[in-house]
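None of these values were measured; they are calculated from a predicted model. A note on names: the letters A, B, ... follow the listed sequences, proteins ahead of strands, and every chain is numbered from 1.
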2 protein chains.
Amino acid sequence: MTGRRTRQLTAVEAVVRAAHDHPSAEEVHRRVRQTLPQVSLGTVYRNLQKLAADRRLRVVPIAGRGARYDGMLETHDHFLCDTCGTVADVAVPRRPGTRNTRNLHRAGYLVRAQTVTLYGLCPECCQRQETMARPGGRRDGHEREA
Amino acid sequence: MTGRRTRQLTAVEAVVRAAHDHPSAEEVHRRVRQTLPQVSLGTVYRNLQKLAADRRLRVVPIAGRGARYDGMLETHDHFLCDTCGTVADVAVPRRPGTRNTRNLHRAGYLVRAQTVTLYGLCPECCQRQETMARPGGRRDGHEREA
DNA sequence: CTTTCTGCAAACTCTTTGCACTCGT
DNA sequence: ACGAGTGCAAAGAGTTTGCAGAAAG
């Protein structure tokens, strides 16, 4: 499954690895173009897929709208802001024992990886909401936004 | 944000609540039609959105392809099979307060919910793969964490 | 030289939306 | 009766794919 090392593949991997935000495919395309101005979006998608299949990057699925890509391979988790939609890397320390998945193993599952995803408000949005919260005004956190 | 109780809304909620698999919007539409034959897909989407906003169901985002809906509101987690793509409810017991979201709170995050998603092979696919693995046959060397 | 990969554009899938009409309240 | 909700169909967003030509091995 190794395939050829084309400059497009190399560039896509470099971009994802260098990115500290969690870029969408379209965003990766934009960045790759700074080096290889005429790469096509289709090629970016193909290479992202290939890298994901080879486990050289992670795919972070987001509700509704498309996926995000994450070059960080070490174990870490994600925080998704309800309001602004940004994805942040967070460390949710867990015990190394993986005692939790033991009963799954017994049930016949083969657990390859696990992700913790947290939902809520990021510091910025949290503060903004606090500022808007006025006595008498009722607030409730509904995700919307586009 | 309550809105009107239309028969479409009621039917969509009933279907999602009754479902034990994790149906896609299209699948929900198919099922709702058994009761209300001429509901439109658009309406199903609108009602699924509304129910999600009111937190009367959960949205389970899947990589690449569309979202799945889950009527089970109690805390539980999901297992995604790498091969067949099915979503299964699993119980990953955790200690109530012990998760270290405390440092996130300190950092200014407001954590509303958290999900654990496990990836790997479901019992069926696990067995199928075992059967195919022959001595001398190449191994697909993707062993990663647990 | 062969085979895989690319660019392009069209096709596809999933989801959202504008509009006129319907039906809860 | 008023306006939120609906059906329909068309538009949007995101992703995949067929094909002729380019380029990695």
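If you take CD of Q8(B) and P of dC21(C), they are 18 Å apart, rounded to a whole angstrom. Atom-to-atom, CG of L9(A) to C1' of dG7(C) comes out at 16 Å; the value is rounded to the nearest Å. Rounded to whole Å, atom C1' of dT15(C) lies 17 Å from atom CD of E27(B). Taking atom CD1 on I62(B) and atom C1' on dT15(C), their separation rounds to 16 Å, with Å as the unit.
Open room surrounds CZ on R7(B); 12 or fewer heavy atoms of other groups in view lie less than 6.0 Å from it.
Taking only side-chain nitrogens and oxygens, K50(B) never comes nearer than 4.0 Å to OP1 or OP2 of dA4(D).
Residues from residues 13-23 of chain B that place a heavy atom under 4.0 Å from any atom of DNA chain D: there are none. For residues 33-49 of chain A, proximity to DNA chain D is found at L41(A), G42(A), Y45(A), R46(A), Q49(A), defined as any non-hydrogen atom under 4.0 angstrom from a strand atom.
A donor-acceptor distance shorter than 3.5 angstrom exists from the side chain of H22(B) to the backbone of V87(B), with no hydrogens or angles considered. Looking only at distances, a side-chain donor or acceptor of T6(B) sits under 3.5 Å from a matching main-chain atom of L9(B). Without hydrogens or angle criteria, H29(B) side chain to V39(B) main chain gives a donor-acceptor distance under 3.5 Å. R31(A) places no side-chain N or O within donor-acceptor distance of the main-chain N or O of P23(A), the cut-off being under 3.5 Å. Distance alone, capped at 3.5 Å, places no donor-acceptor pair between the D54(B) side chain and the R56(B) backbone. In terms of modelled atom types and a separation under 3.5 Å, the side chain of H76(B) and the main chain of E74(B) share a donor-acceptor contact.
The side-chain heavy atoms of E13(B) and K50(B), taken from C-beta on, include no pair separated by under 4.5 Å.
The hydrophobic clustering, which links ILVMFWY residues whose side-chain heavy atoms are closer than 4.5 Å, places V28(B) and M72(B) apart. Residues L104(B) and L121(A) do not share a hydrophobic cluster, defined by chaining ILVMFWY side chains whose heavy atoms lie under 4.5 Å apart.
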Give me the distances for all protein-to-nucleotides 22-25 of chain D N/O pairs that come in under 3.5 Å?
from	atom 1	to	atom 2	distance (Å)
dA24(D)	N3	R4(A)	NH1	3.2
dA24(D)	N3	R4(A)	NH2	3.2
dG25(D)	OP1	R5(A)	N	3.3

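Side-chain N/O atoms of H20(A) and D89(A) include no donor and acceptor closer than 3.5 Å.
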